[in-house]
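The model shown is predicted, which means the values in this text are computed figures rather than measured ones. A, B, ... follow the sequence lines: proteins, then strands. Residue 1 opens every chain.
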Amino acid sequence: MGWFGGGSSAAPPPKSGGVQFDDSNAYHEMHAGAAGMGAGSSETAAVMQTLQSQMADAYAQEFFQTVRDKCFEKCVTRPSTSLSGGESKCLTNCCDRYREALAIISQAVVTSLEGKH
Amino acid sequence: MSARGGGAGPGQAGQQPMDPQLAQFIEQERHKAVFNELVSKLTDICWDKCVGTPSTRLSGSEQSCLSNCAARFLDSSQVVMAKFTKG
């Protein structure tokens, strides 16, 4: 799962051939686009890549915890000896609906902020 | 969401100055983080207010409730902010 917006909102898509790295380092080359701009040094690009992936990881973990808590609250109202079929289905739907809600809110925030500036 | 001075950026305290490209990148990431945090918080709040038992789709009224909820939260934020800054 991506960092919200999949990185597409702020970071431009990878451009091929824009960045020079030594050929021995395929890792840097593979992730050159993640930094979003032609990096002056491979060291800078590596720092950018690390930072971005750590933030994405942190976001993903927090998002998972939120969805888990929210969906448990909505779907498992009276815990019994096992999850019922209905509860499982509700949890599955809930994950998708939460993402949908996030997208709607995100759009609303963008619209709202644009309208005020 | 304006840039605050300094922030958590490394490279202060007598070290050599940060690569400007890296500084710009960190600033960008920080803005994304602020935006994402706001959206996460609003989704958290508005989900509870607007969405019933999750089914195969969000109803039209749930969708507009979410949208309105986010916008009205931001309006409310301004009202409260104005109240606080005026003392």
Open item on the list: Is there a path of hydrophobic side-chain contacts, each under 4.5 Å between heavy atoms of I/L/V/M/F/W/Y residues, joining Phe72(A) to Ile45(B)?
Closed with: no

TODO: Output the option from Cys46(B), Ser55(B), Ala71(B) having the highest count of non-hydrogen pairs under 4.5 Å with chain A.
DONE: Ser55(B)

TODO: Heavy-atom distances under 4.5 Å only: say whether Gln78(B) touches chain A with side chain, backbone, both or neither.
DONE: side chain

Open item on the list: Rounded to the nearest 0.5 Å, what separates atom CG in Leu22(B) from atom CG in Leu51(A)?
Closed with: 7.5 Å

TODO: State yes or no: do Val76(A) and Phe64(A) share one hydrophobic cluster built from I, L, V, M, F, W and Y residues joined by side-chain heavy-atom distances below 4.5 Å, directly or via other members?
DONE: no

Open item on the list: To the closest 0.5 Å, what do you measure between OG1 (Thr44(A)) and CZ (Phe25(B))?
Closed with: 11.0 Å

TODO: State, to 0.1 Å, how close Val109(A) and Ala70(B) come at their nearest heavy-atom pair, and which atoms those are.
DONE: CG2-CB, 4.5 Å

Task: Close side-chain approach of Met48(A) to Gln21(B), heavy-atom, < 4.5 Å - done: yes

- [ ] Please round to the nearest 0.5 Å and tell me the distance separating atom CG of Asp75(B) and atom OG of Ser112(A).
- [x] 6.0 Å

TODO: May I ask you to name which of Cys71(A), Cys75(A), Cys90(A), Ala58(A) has the most heavy-atom pairs under 4.5 Å with chain B?
DONE: Cys90(A)

Task: Point-to-point distance, once rounded to the nearest 0.5 Å, from CD1 of Ile104(A) to CG of Asn68(B) - done: 11.0 Å

Task: Matching residue for Thr43(B) among Thr66(A), Ile105(A), Val67(A) - test: side-chain contact (heavy atoms from CB on, under 4.5 Å) - done: Ile105(A)

Open item on the list: Testing Leu58(B), Leu66(B), Val51(B) one by one against Glu100(A) for a side-chain contact (heavy atoms from CB on, under 4.5 Å), which residue passes?
Closed with: Leu58(B)

- [ ] Give the minimum heavy-atom separation between Trp47(B) and Ala101(A), together with the two atoms involved.
- [x] CE3-CB, 3.9 Å

Task: Any Tyr98(A) side-chain heavy atom under 4.5 Å of Pro54(B) side chain - done: no

Task: Atom pair OG1/CG of Thr53(B) and Asn93(A) - distance to nearest 0.5 Å - done: 10.5 Å

- [ ] Taking the side chain as every heavy atom from C-beta outward, state whether Gln52(A) and Lys32(B) have any atom pair closer than 4.5 Å.
- [x] yes

TODO: Could you tell me whether Lys70(A) and Asp48(B) make a salt bridge, using a distance below 4.0 angstrom between a side-chain N and a carboxylate O?
DONE: yes

